[in-house]
Amino acid sequence: MSKIAENLKELRNEIPSGVELVAVSKFHPEEALLEAYAAGQRRFGESRVQELLRKQESLPADIEWHFIGHLQTNKVRQLIGRASLIESVDSLHLLEAIDKESAKAGVVSRILMQLHVAREETKFGFTPAELLEYFRSKGYESLRATHICGVMGMASNTDDMERVRADFREIVSVYKAIKEADPDLRGFDTVSMGMSGDWPIAVEEGATLVRVGTRIFGEREYCLSAVRAPRRSTPTDIRKD
Ligand SMILES: *Cc1c(COP(=O)(O)O)cnc(C)c1O
């Protein structure tokens, strides 16, 4: 059994049933994804649009692609219709762009609203107050081609597991407050939180979807040039006598 298949098997044994697994494959080559695919994994997470599209082109069609990175509005059009779930909607501006492009393309996009609860300043997302206000005022009623399926969040990047747990609790409490404020919300049932280092805590606190990369694929190498296809010869390279 390959190392990736072994890691996946172990992980699946640990994750309780009812919690879904996104295998975060960003920066890993297609061969690594194929090993996970052969071991039964069908849900993969990518954080860059070009990389997702490139992998989607060459890998089996029954893979579900989750987009989990910061999405620039000028890349939205390319992603629409390609991702089964956009987990990282971090502003109303982006949400509107997704809705507009989805309507134009004649598809319904499924998305999660990204919450910012971690202590880092660099993380994207809505504050709990902003997100609650959006649902209290039923902002989603103006959406024509977007379905909000739940929330996504990350805990602070720290070894302090009590801090991490408190962050996950906050995400879940916002999720529950939204459901209470609006009992008629349909299909709002996903809480995506937890990565390689903290997913067990996330599950204890109520995650329904975990996003795990390193634990499955090993460390990422943040240099893709080595795996790019070699330049192909063009007709002009062929000399005629
Ligand atoms: C990279 C990434 C993950 C996976 O992180 P690991 O520590 O490798 O498991 C999960 N969520 C998001 C949003 C990511 O960008």
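Both ligands and their constituent atoms are indexed starting at 1 by order of listing. Sequence positions, counted from 1, serve as the residue numbers for this chain. All values reported here derive from a predicted model rather than from experimental measurement.
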- Message: Looking at Asp90, I want to see if its CG is surrounded by more than 12 non-hydrogen atoms of other residues, nucleotides or ligands under 6.0 Å.
- Response: yes
- Report the residues that fulfil side chain to side chain contact (heavy atoms under 4.5 Å, CB included) with Val172, sequence neighbours left out, ordered by chain and then residue number. Lys176, Val191, Met193
Could you check ligand 1 for N or O atoms lying under 3.5 Å from protein N or O atoms and list the pairs with distances?
from	atom 1	to	atom 2	distance (Å)
ligand 1	8 (O)	Thr214	N	2.8
ligand 1	8 (O)	Thr214	OG1	2.5
ligand 1	8 (O)	Arg220	NH1	2.8
ligand 1	8 (O)	Arg220	NH2	3.2
ligand 1	9 (O)	Ser196	N	2.9
ligand 1	9 (O)	Ser196	OG	2.5
ligand 1	9 (O)	Gly213	N	2.8
ligand 1	11 (N)	Arg211	NE	2.9
ligand 1	15 (O)	Lys26	NZ	2.6

- Applying side chain to side chain contact (heavy atoms under 4.5 Å, CB included), run through Lys3 and Glu35 and close with a yes or a no. CA-CA 9 Å; Lys3 188 69 197 152; Glu35 280 183 30; 5.9 Å; no
- Pairwise distance OG1(Thr146) to CD(Glu96) - rounded to 0.5 angstrom: 10.0 Å
- Query: Got a sec, which residues hit side chain to side chain contact (heavy atoms under 4.5 Å, CB included) with Leu34, two or more places apart in sequence or on another chain?
  - Reply: Leu59, Pro60
- Could you tell me which residues satisfy ring pair (Phe, Tyr, Trp, His ring centres under 6.0 Å) with Phe126, sequence neighbours excluded, listed by chain and number? none
